[in-house]
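Data block below; observations after.
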Amino acid sequence: MKAFLIALLLLGLCLGIQAQSTDTIYSYVDTMPEYPGGEGAFLKYIHKNMCYPEISRTQDIYGTVILKFVVNADGSTSDFTIQKSAYPVFDNELIRVVKRAGKFKPGLKNGKAVRVYYNFPMSILLR
């Protein structure tokens, strides 16, 4: 009975370690995530779908927004954070648009799809 409990405990520990490893988010992998059609297609999608608020035109607002998010192993996106803000309205609009961009080709590590951080800088210049 004691040996059975020890074996069960070890199995539980192994499963726990395996579950934790699937939660790892990598910064760099063998093949980085990519939007279908590449970076150019992603930029085209962003520019086509961004709605620039009127305040940006009247107050001469400009700068760079850096958005960091996770491309999950299934290609979906999550965990959106602004690393650098140009103006809060732009930050929120960029997050809104990227959330609706659809799935990416996931990043690969050792041939396996994994979660990867994706940094996206976007310049705002409306003068």
Practice prompt. Measure the CE-CG distance between Met122 and Leu43 for me, rounded to the nearest 0.5 Å.
Written response: 8.5 Å
Worksheet item: Do Val70 and Val114 share a hydrophobic cluster, counting only Ile, Leu, Val, Met, Phe, Trp and Tyr and linking them when any side-chain heavy atoms are less than 4.5 Å apart?
Response: no
Discussion item. In this structure, would Tyr45 and Ile95 fall into the same cluster of hydrophobic residues linked by side-chain contacts under 4.5 Å?
Written reply: yes
Item to complete: Return the minimal non-hydrogen interatomic distance between Pro36 and Ala41, and the atom names on each side.
Response: O-CB, 3.6 Å
Item to complete: Specify the closest pair of heavy atoms between Ser27 and Val116, including all atoms of both residues, with the distance to one decimal.
Response: O-CG1, 4.2 Å
Fill in: Polar side-chain atom of Tyr26 near backbone of Leu108 as donor-acceptor pair, under 3.5 Å
no
Worksheet item: Does Tyr117 share a hydrophobic cluster with Phe104, counting links as ILVMFWY side-chain heavy atoms below 4.5 Å and allowing steps through other members?
Response: no
Worksheet item: Among the clusters formed by ILVMFWY side chains lying less than 4.5 Å apart, do Ile66 and Tyr35 turn up in the same one?
Response: no
Worksheet item: Can you find a heavy atom in the side chain of Leu94 that is under 4.5 Å from one in the side chain of Met50?
Response: yes
Worksheet item: Short question: side chain of Glu34, backbone of Lys105 - any donor-acceptor pair under 3.5 Å?
Response: no
Worksheet item: Given side chains that start at C-beta, do those of Ser78 and Arg115 come closer than 4.5 Å, heavy atoms only?
Response: yes
Worksheet entry | Distance, nearest 0.5 Å, that separates OG1 of Thr31 from NZ of Lys112 | 15.0 Å
Worksheet item: Once the angle between the rings of Phe42 and Tyr118 is folded into 0 to 90°, is it parallel (under 30°), tilted (30 to 60°) or perpendicular (over 60°)?
Response: perpendicular
Fill in: Heavy-atom pair with the smallest gap, counting every atom of Gly75 and Pro106
N-CB, 4.2 Å
Worksheet item: Same cluster for Ile46 and Val71 if Ile/Leu/Val/Met/Phe/Trp/Tyr side chains link at under 4.5 Å?
Response: yes
Practice prompt. Identify the heavy atoms of Val29 and Gly107 that sit nearest to each other, and give their distance.
Written response: CG2-CA, 4.2 Å
Discussion item. Return the CZ to CD1 distance between Phe69 and Ile25, rounded to the nearest 0.5 Å.
Written reply: 12.5 Å
Practice prompt. Enter the distance from Asn119:CG to Leu67:CG here, rounded to the nearest 0.5 Å.
Written response: 8.5 Å
Item to complete: Find the distance between NZ (Lys103) and CG (Asn72) and round it off to the nearest 0.5 Å.
Response: 9.0 Å
Worksheet item: Parallel under 30°, tilted from 30 to 60°, perpendicular over 60°: which one fits the rings of Phe90 and Tyr87?
Response: perpendicular
